[in-house]
Amino acid sequence: MENLISLVNKIQRACTALGDHGEASALPTLWDSLPAIAVVGGQSSGKSSVLESIVGKDFLPRGSGIVTRRPLVLQLHKIEEGSREYAEFLHLPRKRFTDFAAVRKEISDETDRETGRSKQISSVPIHLSIYSPNVVNLTLIDLPGLTKVAVEGQSDTIVQDIENMVRSYIEKPNCIILAISPANQDLATSDAIRISREVDPTGERTLGVLTKIDLMDKGTDAVEILEGKSYRLKFPWVGVVNRSQADINKNVDMIAARRREREYFSTTPEYKHLAPRMGSEHLAKMLSKHLETVIKSKIPGIQSLISKTVAELEAELSRLGKPISADAGGKLYTIMEICRLFDGTYKEHLDGVRPGGDKIYNVFDNQLPAALKRLQFDKQLSMENIRKLITEADGYQPHLIAPEQGYRRLIESSVITIRGPAEAAVDAVHAILKDLVHKSVNETPELKQYPALRVEVTNAASDSLERMREESKKATLKLVDMECSYLTVDFFRKLPQDVEKGGNPSHSIFDRDNDSYLRRIGTTVLAYVNMVCASLRNSIPKSIVYCQVREAKRSFLDHFYTDLGKLETKQLSSLLNEDPAIMERRSALAKRLELYRSAQAEIDSVAWAK
């Protein structure tokens with residue numbers, strides 16, 4: 001099961017490298033879901049000595065006051081016997097430290113880089129990995145020691161700042177709390193026990209460690225605490241005997257210190273019966289075993305979080321689009337593919353798959369008929385106007401049988417007014433088609449990815465629509481002009497003649513001053529104009545659809561494609577000049593997705609192997 005802890009260590013390192021940890025975020029992350037052990041204790045409680053005993057190396061800064069001023073995420077990796085021990089910092093990739101005095105110095109230097117040479121603290125963690133055949137696989141987070149008063153050089157809020165930082169770690173439900181308390185102080189005043197009880201009142205996540213047992217006053221012992229009688233935790237207390245300051249000054253190594261610790265518990269009468277579960281070696285093994293158990297219990301939840309996060313990352317990457325190809329052919333293909341998607345979206349609007357195309361029918365069914373109706377031909381064919389045009393058409397010699405030129409002028413002057421509604425219909429459809437361009441651009445996510453291409457496609461589409469409008473306007477107005485240039489003779493041949501009905505030709509045909517005669521001319525012209533108007537009401541939409549809607553579906557971006565083929569690689573690149581923030585976001589998401597997929601595969605394999 002050591003492989004399981006190694007796997008969690010590996011995932012935690014990867015999370016940290018990608019910034020995927022929860023210190024600065026309220027959202028659950030993979031880091032938060034992975035169990036870890038946070039070391040909590042008051043200043044001078046022996047935290048550093050406990051950690052060094054577990055590792056078996058002197059590597060932590062020492063001194064008075066607050067020595068640990070930044071969280072230290074310590075990952076222990078057991079390697080093959082005989083291998084050389086070394087350490088690595090996340091902020092110094094590929095640099096191995098074999099001298100642990102240099103490790104201590106780098107911790108101090110890196111702390112100063114973040115906080116300055118002051119006594120202030122920082123919540124930005126230092127990540128250290130130690131590889132040794134003498135350790136167990138384990139992740140420990142050494143937190144600044146809790147204090148009760150601020151000393152000179154520290155802010156007035158330092159006490160609360162440290163407590164808030166400690167809480168931010170130990171409040172997480174997947175955090176195991178290693179509460180360090182010195183045996184030579186009253187347990188009731190232990191900062192570690194106090195804050196642990198507040199965040200973990202049932203003691204489900206708290207492991208108690210009692211230090212400085214050998215420094216207790218003569219005649220006193222810690223048996224009742226270690227046996228869980230004076231303060232009971234769910235898990236047994238572990239007592240340790242660390243090196244004294246004199247031992248440290250004499251450079252007493254860890255092997256000798258551990259041997260003396262074993263001798264102390266096995267030979268001291270009060271603790272002899274507890275000796276098998278006392279000492280730093282037992283503590284390290286117990287922590288590793290406990291961490292294994294917790295990890296195993298959390299695997300279903302971790303799997304669920306990973307699966308959910310993978311789906312979310314895939315969805316966001318899909319929304320951001322694919323990365324840009326490096327070669328010209330790939331860039332051209334990308335642009336063409338995006339244009340094809342845009343063109344497809346536009347056609348869907350026209351074909352009714354998406355909304356908007358129905359507005360064109362509204363132009364033909366409501367707007368155009370209403371505009372034609374507003375022309376009011378009957379008012380235009382007033383008696384005065386008819387008389388005026390008939391007289392002007394006759395010139396110096398009145399017509400003999402029927403005022404043909406007068407008829408033509410009356411018809412032409414009426415039909416020519418249909419140009420206005422026809423042109424308005426062309427413009428109305430153009431406005432709708434142009435609006436659908438903007439909708440389609442907004443509905444094509446790939447165009448949002450490349451602002452320069454979005455502008456070019458929008459401009460090209462607008463230019464194309466403008467050309468189609470001009471062609472449509474010419475064709476549609478020609479329909480009106482055709483009606484003016486050639487009259488339907490059959491219409492007039494079918495009209496009843498007054499002579500045939502026995503009327504008086506002298507008063508009905510030749511007398512241009514006769515009101516009855518003029519009214520008859522007006523009625524005839526109005527009937528003809530209405531017939532033409534009804535015909536154009538049907539043919540104008542056909543012309544508009546043929547010249548604008550049909551062409552928009554057939555050759556919308558043809559000119560753009562032609563121009564696109566002439567562009568060089570640099571110009572194509574400028575069209576795909578993606579927002580740097582999006583590129584950075586995609587890269588980060590891709591790395592995170594790779595991490596989560598790798599974690600998913602490895603955790604699934606461990607889960608199946610259980």
Side-chain angles (χ1 to χ4, degrees), residues 2-36 73-77 79 88-96 124-129 131 137 139 141 172 174 291 295-296 298-327 330-331 333-334 337-338 445-446 448-450 576 578-610:
E2 284 183 343
N3 289 335
L4 184 58
I5 299 177
S6 298
L7 171 60
V8 170
N9 282 351
K10 175 184 174 183
I11 296 172
Q12 286 175 326
R13 287 198 308 277
C15 286
T16 304
L18 292 176
D20 190 35
H21 47 80
E23 283 81 3
S25 172
L27 298 174
T29 65
L30 183 53
W31 173 275
D32 290 329
S33 71
L34 298 173
V73 180
L74 175 63
Q75 292 186 326
L76 305 181
H77 307 270
I79 55 178
E88 290 181 341
F89 287 95
L90 185 66
H91 65 273
L92 295 172
R94 294 181 295 279
K95 181 176 181 180
R96 289 189 175 186
V124 179
I126 298 172
H127 294 267
L128 172 64
S129 293
Y131 299 81
N137 289 307
T139 296
I141 304 173
K172 296 171 183 175
N174 291 311
L291 187 57
I295 291 172
K296 286 171 67 177
K298 300 293 183 181
I299 282 179
I302 296 172
Q303 287 174 308
S304 176
L305 174 64
I306 290 177
S307 297
K308 180 182 177 184
T309 307
V310 164
E312 291 173 351
L313 290 172
E314 288 175 338
E316 187 168 359
L317 277 172
S318 176
R319 183 180 61 80
L320 291 177
K322 297 178 182 178
I324 306 167
S325 301
D327 60 293
K331 293 179 188 296
Y333 175 81
T334 298
E337 188 68 12
I338 292 172
E446 292 77 6
K448 294 181 181 179
Q449 186 177 343
Y450 306 110
L576 296 175
E578 192 174 20
D579 185 345
I582 293 178
M583 295 174 67
E584 186 178 342
R585 176 68 175 161
R586 185 192 296 108
S587 177
L589 288 174
K591 290 179 181 178
R592 188 160 295 168
L593 180 59
E594 183 181 0
L595 160 66
Y596 273 69
R597 281 175 174 165
S598 174
Q600 187 177 45
E602 296 193 48
I603 289 178
D604 286 350
S605 66
V606 171
W608 281 105
K610 286 198 301 178

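A distance of 8.5 Å separates OG in S129 from CG in L76, rounded to the nearest 0.5 Å. Between K298 atom NZ and L305 atom CG the span is 12.5 Å, to the nearest 0.5 Å. How far CZ of R597 is from CD of E314: 4.5 Å, rounded to the nearest 0.5 Å. Rounded to the nearest 0.5 Å, atoms CD1 (I126) and CG (L90) are 11.0 Å apart. The OG1 atom of T139 sits 11.0 Å away from the NE2 atom of H127 when rounded to the nearest 0.5 Å. Note that the CD atom of E312 and the CG atom of L317 stand 12.0 Å from one another [nearest 0.5 Å].
Minimum interatomic distance between H77 and N137 (heavy atoms only, all atoms of both residues): CA-OD1, 3.5 Å. Shown here for I295 and P35, the closest heavy-atom pair between the two residues is CG1-CG, 3.9 Å. Taking both residues in full, the closest heavy atoms of Y596 and I306 are given as O-CG2, 3.5 Å, listed atom of the first, atom of the second, then distance.
For the salt bridge (charged side-chain N to carboxylate O under 4.0 Å, His left out) test, residues two or more places apart in sequence or in another chain that qualify with E88 are R96.
Distance alone, capped at 3.5 Å, is enough to place a donor-acceptor pair between the S307 side chain and the Q303 backbone.
Residues K308 and S304 have side chains not in contact (no heavy-atom distance under 4.5 Å, counting atoms from C-beta outward).
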